[in-house]
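Structure, as structure tokens:
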Amino acid sequence: MRQLRIKKGKEASLLRFHPWVFSGALVHLDTIPENGEVVAVTSHTGQVLGTAHYSVGTSIALRVFVFGKAVVPDRAFWKERLGQAFAQRQQLGLPNAETNAFRLIHGEGDGLPGLILDIYGTVAVIQAHSIGMHLHREDMAAVLMEIIPGLTAVYDKSAESMHGASVANGLLIGTLPENHTVLENGFLFPVDVEKGQKTGFFLDQRDNRALLSRYTKGKKVLNAFSYTGGFSVYALQAGATEVDSVDVSRKAIDACEVTIAANNPTKGKHNAICEDVLTFLKNPMTDYDVWVIDPPAFAKNINKRHNAVQGYRRLNQLVLEAAPVGALIFTFSCSQVVDRQLFYDTIVAAAIDAKRTVQVLHHLSQPADHPVSIHHPEGSYLKGLVIRVLNAE
Ligand code: SAH
């Protein structure tokens, strides 16, 4: 295995188990490794610090997935690491009779930078964010079939996550079931892993959807940026009188109607509205008691952070101007580069601009199957607040 040396004084973050090495920290390379090559990382004195994937031409040159030794990641290696992650999900009670969709690997949080792996009942979806991880997809697929009970297919959905490298999505093993549905807290959700967004479903809102059901009995609810209607189903089942789901994607809205029908809520009226949320919020009819505002990531990288903050501020200002006194607002950001404090400050700014006083009731996050390594705080990407609007000017 090729050895790459870190410059003197640049190994501190690796010794603290932070998994990234920037290209500027590497001693000059005479020959450039292959894109995605597995390499041993050493200190300037030659001591092995770990095993990493090398990425050509990106600022993060190395992503370390084993600390302290050089290991060739063969099938046995993947069996151990994926098996360990599955045991950790079982410790959380996942999967169970009510929930069969969960995240098995959450990148750095599971010690495997560049890898997302979601289980949707009988279908696993691999989403690699680095060439290095993508090169192991066949071994991972074979191992998944061995360790996840009832699995019948493994799909590779890395085409959009590989940042420039061109790879095609496709089945690695098995066949995809038609009209595939999964269970989340007893609710049925259609999951189209091929054509749906991300890996097919937003597993990261599971706990926050459950929290919403505590507040929706007898209420009128807006689910803005609804995707397939996750929050809407919980709200209706908990006794909401009316739920409006708004999403700009026709496909998402069609799937939302299928979701609502599949769960067959006996009470409550549901409206699936295909529209831009910013246009929708200009309607005068905004007398909702409970608002869910879950936009897509406004910033994909640090250079877009300022624009993203302005986007969140404007969106939340519109919501706060329209919401009646006493309304509860579940507001979220899934932009990794907008951290918890910055998001909080942005909501404060939106409240000031909207001339409203608000109370903070809950600080929300991602569920336990999306763990965060304390050495990689960037992994804590989903932030939310539940706020109550107190006064109107
Ligand atoms: N709350 C959802 C996930 C939301 S993901 C859930 O629980 O599953 C963000 C969604 O916003 C996507 O479905 C995307 O189609 C939609 N979207 C993006 N921009 C939008 C806009 N300007 N107006 C309305 N919807 C938008």
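Counting starts at 1 for both ligands and their atoms, in listed order. Because only heavy atoms are used, hydrogens play no part in the values below, and waters and symmetry mates are left out as well, while side chains stay in.
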Do NZ/NE/NH1/NH2 and the carboxylate oxygens of [X] and [Y] come within less than 4.0 Å?
| X | Y | answer |
| --- | --- | --- |
| Lys220 | Asp289 | no |
| Arg2 | Glu37 | yes |
| Arg89 | Asp110 | yes |
| Arg206 | Asp369 | yes |

Does Thr228 come within less than 4.0 angstrom of ligand 1, counting non-hydrogen atoms of the residue?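 Thr228: no contact with ligand 1 (<4.0 Å).
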Heavy-atom contact under 4.0 Å between Leu278 and ligand 1? no
Protein contact to atom 13 (O) of ligand 1 [nearest heavy atom, distance to 0.1 Å]: Asp247 OD2, 2.6 Å
Starting from atom 18 (C) of ligand 1, locate the nearest protein heavy atom and write down its residue, its atom name and how far away it is, to 0.1 Å. Pro296 CG, 3.5 Å
Run down the list Phe280, Phe225, Phe231 and name the one with the heavy atom closest to atom 17 (N) of ligand 1. Phe225
Looking at ligand 1, does any of its N/O atoms fall within less than 3.5 Å of an N/O of [X]?
| X | value |
| --- | --- |
| Arg209 | yes |
| Asp294 | yes |
| Gln197 | yes |
| Pro295 | no |
| Phe202 | no |

Where's the contact between Ser226 and ligand 1, heavy-atom distance under 4.0 Å: side chain, backbone, both or neither?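 Answer for Ser226: backbone.
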Return the orientation label for the Phe201 and Phe189 ring planes: parallel under 30°, perpendicular over 60°, tilted otherwise. tilted
Geometric class of the Phe187/Tyr234 ring pair [parallel <30°, tilted 30-60°, perpendicular >60°]: tilted
Are His106 and Tyr381 linked by a side-chain donor-acceptor pair shorter than 3.5 Å? no
Compute whether any side-chain donor of one residue and acceptor of the other, for Ser55 and Ser130, lie under 3.5 angstrom apart. no
List every atom of ligand 1 that sits less than 4.0 Å from any heavy atom of Ser249, numbering the atoms from 1 in the order shown and giving each element. 15 (O)
